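The chain is numbered in sequence order, starting from 1. When a ligand or atom number is given, it counts from 1 through the structure's own listing order. Since the structure is predicted, the reported quantities are computational estimates derived from the model, not experimental observations.
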Amino acid sequence: MSKKIDGKLIAENLRSNLKKQIIELKEKYNKVPGLAVVQVGNVAASSVYVKAKTKSALEVGIEVIDHHLENTTTQKELIALIESLNNQENVNGILVQLPLPNHINEQIILDCIDPKKDADGFHPLNVGKLSISATNDENLLIPCTPYGCLLMLKGLGIDLTGKNAVVVGRSNIVGKPMAQLLIKESCTVTIAHSKTIDLEKVCGQADILIAAVGRPEMIRENFIKEGCVVIDVGINRIEVDQNNEVKTKLVGDVKYNELEKKAFAITPVPGGVGPMTIACLLRNTTIAFKNSLNS
Ligand code: GUN
């Protein structure tokens, strides 16, 4: 049986650490970090994430500036809001929940966010800094989900140097920044994706497997090597038949009950990557706040 990586607990520790830091900063500077949370429309999953992010931010002492806009909001209106948040002194971090409605170009919006206030680390300048810098240093605004995955890997206390890491998924939000972070840990990194030939064989080489494909329970027991570490980024809601009643449940991109027999360690869904993503968002907001005090 493998070790279950407790993302919930690691995230709790990270949040209590941030809470202490924020109390100290408040005593010293008489202000707290501010996070603007922007949601456009009512995609159900986005509403769940935004609610969870807001609750966690408030709990650690971050001020939340909430902007929930109609689905019909134009790109121009959204840009105007972001520009005003860029200039608002009490706003240190700006989070625009993705996906945005189809009539809005996400990249144009992300490009408008002041890179110093980029709580998600999605602005091209921060993407570039992540790729260039040799270390994952304290001032960088790093995309939250992959950084949370890295913290969980580091928490295992294993030496990552030279390990074969396979990232399944090439998104800008997870796959690509995850690869950058692992390169800096001196892993040998492969990015696999939907067009990869013989995905099973590629995954079979992994000492560390990061699954970020968004396809429920796609990674099966026969994909992995005995003793590897599995980080499951997927959060998929599926329908299951329970005593002739159709219920929904959350599952990851890996078939947990198969892989847990073979892996050295594995993250559960829920309770693995999800809470870490939120804790890392709060970390980025606090970093942006501290950077603003020094500038
Ligand atoms: N949608 C899915 N994941 C994320 C994330 O980490 N940040 C934002 N802003 N939107 C998302």
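- Here the options are I278, I210, T277, the test is side chain to side chain contact (heavy atoms under 4.5 Å, CB included), and the partner is T145; only T277 passes.
- No salt bridge links E239 with K249; every basic N to acidic carboxylate O contact stays at or beyond 4.0 Å.
- Distances from ligand 1 to the non-hydrogen atoms of F122 include at least one value under 4.0 Å.
- The residue L281 has no part lying near ligand 1, judged by heavy-atom distances below 4.0 Å.
- Closest protein heavy atom to atom 1 (N) of ligand 1: L98 O, 3.0 Å.
- In this structure, Q39 contributes its side chain and H67 its backbone to no donor-acceptor pair below 3.5 Å.
- The pair E226-K262 does not count as a salt bridge, with every side-chain nitrogen at least 4.0 angstrom from each carboxylate oxygen.
- With contacts defined as side-chain heavy-atom distances shorter than 4.5 Å, the pair L95/L281 qualifies.
- The protein heavy-atom contact nearest to atom 11 (C) of ligand 1 is Q97 NE2, 3.4 Å.
- Among protein heavy atoms, the minimum distance from atom 8 (C) of ligand 1 is reached at D120 OD2, 3.4 Å.
- Against a heavy-atom cut-off of under 4.0 Å, L95 is close to the following atoms of ligand 1: 9 (N).
- Below 3.5 Å of separation, one finds an N or O of V96 facing an N or O of ligand 1.
- Here the rule is side chain to side chain contact (heavy atoms under 4.5 Å, CB included) with V229, and of L160, T267, L153 only L153 fits it.
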